[in-house]
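This report refers to the structure that appears directly beneath it.
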Amino acid sequence: MKNSNDSIIKSTLSSIIRDAMIANNGVVSVIDYGCGYAPYADYIQNICGAEYLGVDISVECLEFVQQNGYRACKPDQVGSGEEFDILLF
């Protein structure tokens, strides 16, 4: 079942990512803390064109996200030198 606010969330994500792409010459990275099963990873990466990293403490969630082709890790595994343009939580 889709969230009743799904279209509002996607519209907001699109707007934020689009503005960041303009500011960053087309390259945007999103880190999603507490990603769970990453319901918006596909939209962020494949529709909006941003790089995606899901972060969660649940091994089950991380395995699910990774099996669906997205980057995901535990909080202590985020690279210390990695920079992100957008933080979702």
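Hydrogens, waters and symmetry mates play no part in the numbers below; they use all other heavy atoms, side chains included.
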Do [X] and [Y] share a hydrophobic cluster, counting only Ile, Leu, Val, Met, Phe, Trp and Tyr and linking them when any side-chain heavy atoms are less than 4.5 Å apart?
X: Y70; Y: I9; answer: yes
X: I17; Y: I22; answer: no
X: M21; Y: I86; answer: yes
X: L88; Y: Y40; answer: yes

Does [X] [atom1] have over 12 foreign heavy atoms under 6.0 Å away?
X: Q77; atom1: CD; value: yes
X: I57; atom1: CD1; value: no
X: E82; atom1: CD; value: yes

Quick check for you: to the nearest 0.5 Å, what is the distance between [X] atom [atom1] and [Y] atom [atom2]?
X: D56; Y: E63; atom1: CG; atom2: CD; answer: 12.0 Å
X: K10; Y: I44; atom1: NZ; atom2: CD1; answer: 10.5 Å
X: L13; Y: I8; atom1: CG; atom2: CD1; answer: 12.0 Å

Closest contact, heavy atoms only, [X] versus [Y]:
X: V78; Y: C73; result: CG2-SG, 3.8 Å
X: V30; Y: A50; result: CG2-CB, 4.0 Å
X: V65; Y: C35; result: CG2-SG, 4.3 Å
X: V27; Y: D85; result: O-OD2, 3.7 Å
X: G36; Y: C61; result: O-CB, 3.1 Å

* Test item: S29 side-chain N/O and E83 main-chain N/O as donor-acceptor pair under 3.5 Å -> yes
* Expected output: side-chain S11 to main-chain S7 donor-acceptor under 3.5 Å -> no
* Side chains of Y52 and N46, donor plus acceptor under 3.5 Å -> no
* Asked: Who are the ring-ring contact (aromatic ring centres under 6.0 Å, His included) partners of Y37, not counting sequence neighbours?
  -> F64
* Asked: With side chains defined as the heavy atoms from C-beta onward, is the minimum distance between V28 and R18 less than 4.5 Å?
  -> no
